[in-house]
Amino acid sequence: MSKSTDKPHWLDKKSHVAWLWRFFLLLLVLSVLASTLAHGHPYFEIDAVFGFHAWFAFMACFAALVLAKVLAFILRRSDTYYEDCDG
């Protein structure tokens, strides 16, 4: 049995996407503010910087995206890659 493609996905509505953006931004702000309440024991000096874990995670995600784009460019094959094989 195949699913009907007539029914739109709930993420197709712009209002739902906007709600998700607001929710995740609020979650980000709350997590950065929560770091002020917890006393950490930083191993390195940079760990003590306010919001370090938030911007470090952002930079790590950004680096992963850039690496994925570079790998996609390097590993790209032509559209007829499998048609060229004699099999």
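Just so you know, residue 1 is the first one in the sequence shown, and it goes up from there.
- Taking the side chain to side chain contact (heavy atoms under 4.5 Å, CB included) definition, one finds that Asp79 meets it with nothing, sequence neighbours left out.
- Partners of Phe52 by ring-ring contact (aromatic ring centres under 6.0 Å, His included), not counting sequence neighbours, listed by chain and number: Trp55, Phe56.
- Leu11 is connected to Trp19 through a chain of hydrophobic side-chain contacts under 4.5 Å among Ile, Leu, Val, Met, Phe, Trp and Tyr, so both are in one cluster.
- Across all non-hydrogen atoms, the minimal contact from Ala54 to Val32 is CB-CG2, 3.6 Å.
- Separating the OG atom in Ser35 from the CG atom in Leu30 is a distance of 11.0 Å, to the nearest 0.5 Å.
- With sequence neighbours excluded, no residue forms a ring-ring contact (aromatic ring centres under 6.0 Å, His included) with Phe50.
- A search for side chain to side chain contact (heavy atoms under 4.5 Å, CB included) contacts involving Phe44 returns Ile46, Asp47, not counting sequence neighbours.
- Every ring-ring contact (aromatic ring centres under 6.0 Å, His included) that His39 has, sequence neighbours left out, goes to His41.
- Both Met59 and Val49 belong to a single network of hydrophobic side chains, linked directly or stepwise wherever heavy atoms of I, L, V, M, F, W or Y lie under 4.5 Å apart.
- Residue Leu20 holds its CG atom at 11.5 Å from CG of Leu27, rounded to the nearest 0.5 Å.
- For His16, the ring-ring contact (aromatic ring centres under 6.0 Å, His included) partners two or more places apart in sequence, or in a different chain, are Trp10.
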